[in-house]
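Supplied in structure tokens, the structure appears directly below.
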Amino acid sequence: MKLIQKIKQSIRIFPALRLVWQSSPRWTIIRLILLVIQSILPLIGLYLTKLIVDTIAASLATTDKNLVWEQVIFLLILIALVTLATNFCNSLAELVNIAQAQKVTDYMENILHAKSVEVDLEYYENPQYHDTLQRAQREASYRPNQILNRLVQIGQNGLSLMAMVGLLLSLHWGVASVLFLAAIPAMLVKIKYAGIMYKWERQRTALEREAWYLRWLLTADIFAKEIRLFSLGNLLQIRFRGLREQIYHEKIGITTKRTFANFLAVSIGGIFIFGVYAFIVYQTIQGVLKLGDLVLYHQALSRGENALKSLLSSLSGLYEDNLFIANLYEFLELKPQVRQPLHPKAFPQPMQKGIIFEQVNFKYGNTTRQALRDINLILRPNETIALVGENGSGKTTLIKLLCRLYDPTSGKITIDGIDISDFDIATLRRQIGVIFQDYGKYHISARDNIWLGNINISRTDEKIIAAARQSGADRAIANLPQGYDTILGKLFHQGEELSIGQWQKIALARAFLRDSQIIVLDEPTSAMDAQAEYEVFEQFRQICQSRAAILISHRLSTVKMADRIYAIANGSIIESGTHAELMALGGTYAQMFETQARNYR
């Protein structure tokens, strides 16, 4: 079983190479061609050097020095051309490497982004997912290209090594054997510590993320005010330095042990190589070898040693890459639990019966607590319902289920009698215009901020301005320097910051722009003043005349307009009815309403 597992792990290299090929096939072909040329040129240069030394040695016994000089000049010109060609190939290889590395990095970023969008929302609420994501982000930008680099080096050094070993075998078979024996200890040390470092980095991912989080707190604008008001900067810096020092000391400890082990291994190998070199010198002194042979075999030994070291270093590096590339595949192999139906059903156009929750239960995967219990709820076309209750009661979770950000643990949600799991996910979500209370603040133009609500229309469509008017955002936009073309937020040059209430109106405009049959507003006016809230709900009433609407709000004065109100507590519906019916009931809703009403008397 262990052998099979190791074989499977070794196959990780080939998908990584496929990623490199898909990202830049042209640069990969050029690189392979350069590999062959760069492997041949040193052999030609070495052979020409031997010829020069032999020619000079032979000239000692001849009187025709001019003929010898002419022969040497010709060989020197050839060496110069080989050197020039080598330098050109090295320079071209640098260009190819940089170009290909950039292509691979960008391609892998796109793959990570696609997978991040594909996975379920549930993953984002799991710390293990964030560890997996961080490890994948760390490896994806360079690891596949590094695998290709290693293989290129293996090919290049392998060809050089075969040529040098061939020369050394002509001297004595034992020379080549000693060459291989000398390199083995260093390779074993590298393989051992590659595994140790891989295990350590996986164990320290959470610590690295914590340090990154502290760095974000210290540099992000969202926390800047509180950090200064509460004098938190020094505290956060101390914690950050503490984490980084812990990581530093652990990493240096492993590196120090590896350094000394590598020194011992290289020293042992050096003793073997020195013995071989002494043998070559002795053979020359005894007259068995010529001076040219001495130079040739010395160079062959030196270059063979370097090629073998590089080859084994690349192999051990490839082993390390193979370990770490698993971090990338671990992320890419995540599967969404919210699945597309094999044969999606058409979404009703328009809805006839509406939305029905039947005995819906749900709990998040990382907890045993039930978020929703036996939810039964009906929303008919052109009807507005309101969900009220304390924070954490399950109101927003219910909306997430409707949008199929999650699937119920049990029970079902239907639209016109069709289970929403039978609809294409994108089609279902296009039919729901929703603004959550933790809406996004996009640091792009005001126009694009609204346009994101319906990217199927043109960016210049008049519906964008109409949606801004409906939400009340148009007045804030009119006061911006470039109007709808003004960048919002202070992250980029010439950006303009909005108040929380103005940002909320922008988010509302996104929801209003969506050409959907269902509209969901989760605390849509929490940051607005009374007048702005009144204006928004006047527009909301008009919009809801042709749509099914769900309103979540803690301001109970705003939910009176709903056709039916559902009071939720601890994940269960405890009361339902119109405002008048619930007030007459004198239950939880009535108590909440009276408590709020007293604050305005």
Asp461 and Leu513: side chain to side chain contact (heavy atoms under 4.5 Å, CB included), yes or no, with the steps? CA-CA 11 Å; Asp461 197 301; Leu513 180 66; over 6 Å; no

Answer whether the closest heavy-atom distance between the side chains of Leu377 and Leu387 falls below 4.5 Å.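 With C-beta onward as the side chain, the pair touches.
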
Between Gln102 and Trp27, do the side chains contain a donor N or O and an acceptor N or O under 3.5 Å apart?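 There is no such pair (donor and acceptor under 3.5 Å, judged by atom type) between the side chains of Trp27 and Gln102.
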
Side chain to side chain contact (heavy atoms under 4.5 Å, CB included) for Ile425 and Val338? Distances and angles first, verdict last. CA-CA 9 Å; Ile425 295 175; Val338 178; 3.8 Å; yes

Close side-chain approach of Ile399 and Ile552, heavy atoms under 4.5 Å: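 Yes, close enough: below the 4.5 Å cut-off.
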
Counting heavy atoms not belonging to Asn97, are there more than 12 under 6.0 Å from its CG?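 Check passes, neighbour count above 12.
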
Can you tell me if Asn570 and Ser572 form a side-chain donor-acceptor pair at under 3.5 Å?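 No, no side-chain donor-acceptor pair sits under 3.5 Å.
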
Non-hydrogen atoms of Asp424 and Pro341 that approach each other most closely: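 Answer, listing the atom of Asp424 first, then Pro341: N-CG, 4.2 Å.
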
Ignoring hydrogens and angles, tell me if any N or O in the side chain of Arg380 forms a donor-acceptor pair with the backbone of Gln352 under 3.5 Å.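 Flag not set: sc Arg380 to bb Gln352 has no pair under 3.5 Å.
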
Taking Asp419 for its side chain and Asp422 for its backbone only, find out whether a donor-acceptor pair lies under 3.5 Å.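 Absent.
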
Does the side chain of Ile415 come within less than 4.5 Å of Met351's, by heavy atoms?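 They are in contact (side-chain heavy atoms under 4.5 Å apart), so the answer is yes.
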
What are the two closest non-hydrogen atoms of Gly571 and Ile375, and how far apart are they?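 Result for this residue pair: O-CD1, 3.4 Å.
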
NZ of Lys441 to CD1 of Ile500: how many Å apart, nearest 0.5 Å?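 Between atom NZ of Lys441 and atom CD1 of Ile500 there are 5.5 Å.
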
CD1/Ile355 to CD/Glu383 distance, rounded to the nearest 0.5 angstrom?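 Nearest 0.5 Å value for the CD1-CD distance: 10.0 Å.
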
CZ (Arg239) with more than 12 external heavy atoms under 6.0 Å: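 Result for CZ/Arg239: open.
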
Would you mind reporting whether Asp374 and Val360 have side-chain heavy atoms less than 4.5 Å apart?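 Not in contact.
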
Polar side chain donor-acceptor pair, Glu496 to Gln482, under 3.5 angstrom: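 Per modelled atom types, Glu496 and Gln482 side chains form no pair under 3.5 Å.
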
Shortest non-hydrogen contact from Pro344 toward Phe423: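 Looking at all heavy atoms of both residues, the closest pair is CB-C, 4.4 Å.
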
Could you tell me whether the side chain of Val434 reaches within less than 4.5 Å of the side chain of Arg429, counting heavy atoms only?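 SC-SC contact between Arg429 and Val434 ruled out.
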
Mutual orientation of the aromatic rings belonging to His443 and Phe492 [parallel < 30°, tilted 30-60°, perpendicular > 60°]: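 Answer is perpendicular, since the angle exceeds 60°.
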
Can a donor-acceptor pair be found between the side chains of Arg547 and Asn382 at a distance below 3.5 Å?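 The criterion, which ignores hydrogens and geometry beyond distance, is not satisfied for Asn382 and Arg547.
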
Flag side-chain contact, heavy atom, 4.5 Å: Pro350 against Gln517: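 Yes; the side chains approach each other to less than 4.5 Å.
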
Less than 4.0 Å between a side-chain N and a carboxylate O, is that true for Lys395 and Asp522?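 Answer for the salt bridge query: no.
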
Just by modelled atom types, is the Thr588 backbone N or O under 3.5 Å from a matching donor or acceptor in the Glu575 side chain?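 Present.
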
Does the side chain of Thr396 reach to within under 4.5 Å of the side chain of Gln437, using non-hydrogen atoms?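 In contact.
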
Taking NZ, NE, NH1 and NH2 as the nitrogens, is one of them in Arg404 or Asp407 under 4.0 Å from a carboxylate oxygen of the other?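 Yes, this pair counts.
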
Pairs in or reaching into residues 347-368: which pass salt bridge (charged side-chain N to carboxylate O under 4.0 Å, His left out), with residues at least two apart or in two chains?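 For residues 347-368: none.
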
Kindly say whether Asp485 contributes a backbone atom to a donor-acceptor pair with the side chain of Ser445 at under 3.5 angstrom?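 Flag not set: sc Ser445 to bb Asp485 has no pair under 3.5 Å.
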
Residue pair Asp448, Tyr442: steps toward the side chain to side chain contact (heavy atoms under 4.5 Å, CB included) verdict: CA-CA 9 Å; Asp448 285 347; Tyr442 300 99; over 6 Å; no

Backbone N or O of Thr460 within a donor-acceptor pair of the Ser458 side chain at under 3.5 Å?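 The answer is yes, because a donor-acceptor pair under 3.5 Å joins these two groups.
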
I would like to know whether Phe436 and Val520 meet side chain to side chain contact (heavy atoms under 4.5 Å, CB included); could you show each step before the answer? CA-CA 8 Å; Phe436 290 106; Val520 181; 6.0 Å; no

Answer yes or no: is there a side-chain heavy-atom contact under 4.5 Å between Asp474 and Tyr484?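 The answer is yes; the side chains approach within 4.5 Å.
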
Are Lys115 and Glu118 within salt-bridge range, i.e. N to O under 4.0 Å?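 Glu118 and Lys115: salt-bridged.
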
Which atoms form the tightest heavy-atom contact between Gly586 and Ala590, and what is the distance?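 For Gly586 and Ala590, the tightest heavy-atom pair comes out as CA-CB, 3.7 Å.
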
Any donor and acceptor pair, going by atom type alone, linking the side chain of Gln504 with main-chain N or O of Gly501 inside 3.5 Å?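 No; judged by distance alone, with no hydrogens or angles, the pair does not exist.
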
Identify the two heavy atoms, one from Tyr566 and one from Ser576, that lie closest to each other, and give their separation to 0.1 Å.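 So the minimum-distance heavy-atom pair works out to CD2-CB, 3.6 Å.
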
Look only at the side chain of Asp563 and the backbone of Ile385, and say whether a donor-acceptor pair between them is shorter than 3.5 Å.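 Answer holds: no.
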
Any sub-3.5 Å donor-acceptor pair from Arg514's side-chain atoms to Gly453's backbone N or O?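 Yes, Arg514 side chain to Gly453 backbone: donor-acceptor pair under 3.5 Å.
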
Can a donor-acceptor pair be found, under 3.5 Å and without considering hydrogens, that links the side chain of Arg459 to the backbone of Trp451?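 Pair absent, no side-chain N/O of Arg459 close to backbone of Trp451.
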
Can you tell me how the ring of Phe362 sits relative to the ring of Tyr364, calling it parallel under 30°, perpendicular over 60° and tilted otherwise?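 Plane angle over 60°, so perpendicular.
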
Return the CZ to OG1 distance between Arg564 and Thr578, rounded to the nearest 0.5 Å.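 Rounded to the nearest 0.5 Å, the CZ-OG1 separation comes to 7.5 Å.
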
Pair Glu208 + Arg244: basic N to acidic O under 4.0 Å: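 A salt bridge is present here (some side-chain N lies under 4.0 Å from a carboxylate O).
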
Just checking Arg215: does its CZ atom have more than 12 heavy atoms from other residues, nucleotides or ligands closer to it than 6.0 angstrom?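 Atom CZ in Arg215 is crowded, with more than 12 foreign heavy atoms closer than 6.0 Å.
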
Examine distances only and state if a side-chain atom of Ser471 and a backbone atom of Leu508 form a donor-acceptor pair shorter than 3.5 Å.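 No: the side chain of Ser471 does not pair with the backbone of Leu508.
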
Begin from the C-alpha positions of Gln359 and Ser410 and carry the test side chain to side chain donor-acceptor pair (under 3.5 Å) through to its verdict. CA-CA 7 Å; Gln359 293 295 118; Ser410 63; over 6 Å; no

Side chains of Tyr107 and Ser24: do they bring a donor and an acceptor to under 3.5 Å?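 Short answer, no.
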
Shortest non-hydrogen contact between Gly489 and Trp503, atoms and distance: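 That would be N-CZ2, 4.0 Å.
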
